[in-house]
Amino acid sequence: MNPRHFISLLDLSGDEFRSLIDRGIVLKHNRDPNYQPLKGQVLAMIFEKSSTRTRISFESGMSHFGGSALFLSPRDTQLGRGEPLKDSAKVISSMVDCIMLRTDKHETVTTFAEYSSVPVINGLTDLQHPCQLLADMQTYFEHRGDIKGKTVTWIGDGNNMCHSYIHAAMVLDFTLHIACPDDYRPLASIVEAAGDRVRFFDTPLAAAQDSDLIVTDVWASMGQEEEQKQREIAFKDYQVNAEVMKAANHDALFMHCLPAHRGEEVSGDVIDGNQSVIFDEAENRLHAQKALLEFLLCKKSR
Ligand code: CP
Ligand code: NVA
């Protein structure tokens, strides 16, 4: 039987997504050191790109659950010397219980999933960052309740985070406003699949109207460092600042997946202000992913 993977939020139903959020909240508030559902199990973590939150949350989560995690970089494995993905996926999955990958190309993760005999988790690709959305949505639910019917505004690059926000809008049924420069729109195929849940606006101020949550991300993602200067020019009118937050609903929250560049995509007063929930959001990577690991690896033990 094929294992259940987590490559995209579209792999989840709305009920499953909400159950994961509920479970993440329970795990956060009831840490029981004797609850070790993954005792003896191993998570392989393959990182082609840097990480603080993703690595630490998965490694700590496995440890809390009685298992362990292996950090693997292409530099130190045969993956970096061109061993075929298919062979690597078969070999690695024969020795571990789950594989998490953070890769440049989304196809690397989908190919791994095709040949892996154990669940594969997308820990970020150039196209999507679904684990971050588990944490973001848990954070919204904790602060404001269910997000169904609410309005979220994405300001900035139509990147991997933006794509996963579009998917979250589809699965959890909220409206997503997007304000981004024309040359940096999210992929048309992803936007079209979301139908009328996604609306584009010419300016951040227009997009923020009636919003319950304002979200942004860096202007240059990992791998785009050489475009930094060009992007600073393209995105100069797309900063989330106090004026943008004022245009949103009075109780709107601010989120950012981090790491952030204060003074670029977000002003210091907003990211460090009282509407910002960035540190809850970061911490929730741990709790949300523990819920995910439990869901993928030990559904029957609960
Ligand atoms: N938000 C996020 O994925 O952070 P890291 O790059 O530190 O893992
Ligand atoms: N869009 C960013 C997210 C980092 C967590 C990147 O891909 O670098």
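These numbers come from the heavy atoms of this one structure, side chains and all, not from hydrogens, waters or symmetry mates. Each ligand, and each atom within it, is numbered from 1 in the order the structure gives.
Atom numbering of ligand 1 starts at 1 in the shown order; those under 4.0 Å from a heavy atom of T52 are 5 (P), 7 (O), 8 (O). Those atoms of ligand 1 that come under 4.0 Å of a heavy atom in L258, given as number and element, are 1 (N), 2 (C), 4 (O).
Between K28 and E142 there is a salt bridge, since a side-chain N of the basic residue sits under 4.0 Å from a carboxylate O of the acidic one. Taking a cutoff of 4.0 Å between a charged side-chain nitrogen and a carboxylate oxygen, R231 and E265 do not qualify as a salt bridge. Salt bridge present: K49 and D104 bring a charged side-chain N and a carboxylate O closer than 4.0 Å.
Considering only heavy atoms from C-beta on, K86 stays 4.5 Å or farther from F112 through its side chain. Two residues are said to be in side-chain contact when any heavy atoms from C-beta on lie closer than 4.5 Å; D157 and Q224 meet this criterion.
Considering each of C162, S221, G156, P259, the one bringing a non-hydrogen atom nearest atom 6 (C) of ligand 2 is S221. Between atom 6 (O) of ligand 1 and the options M222, R102, E281, R53, the minimum heavy-atom separation is to R102. Compare S51, P259, S57, S50 by their heavy atoms: the one nearest to atom 8 (O) of ligand 1 is in S51. Compare N159, L258, D217 by their heavy atoms: the one nearest to atom 3 (C) of ligand 2 is in D217.
Figure legend: R55 and F71 shown as a cation-pi pair, the cationic atom lying under 6.0 angstrom from the six-membered ring centre and within 45 degrees of its axis.
Between S211 and the choices T153, N249, T151, the side chain to side chain donor-acceptor pair (under 3.5 Å) rule is met once, by T153. Checking V215, D212, L253 one by one against V152, the side-chain contact (heavy atoms from CB on, under 4.5 Å) holds for a single residue, V215.
Note on ring orientation: taking the six-membered ring where Trp is involved, the planes of Y35 and F65 are perpendicular (angle over 60°, cut-offs 30° and 60°).
In this structure, atom 4 (C) of ligand 2 lies nearest to the protein heavy atom L124 CD1, 3.9 Å. Of the protein's non-hydrogen atoms, M222 N, 2.8 Å is the one closest to atom 8 (O) of ligand 2. Counting only heavy atoms of the protein, atom 7 (O) of ligand 2 lies nearest to N160 ND2, 2.9 Å.
Of the N or O atoms in L124, none lie within a sub-3.5 Å distance of an N or O in ligand 1. At least one N/O-N/O distance between C257 and ligand 1 falls below 3.5 Å.
Between H129 and ligand 1 there is a heavy-atom distance shorter than 4.0 Å. Assignment of R285 to the shell around ligand 1 is supported, since a heavy atom sits closer than 4.0 Å.
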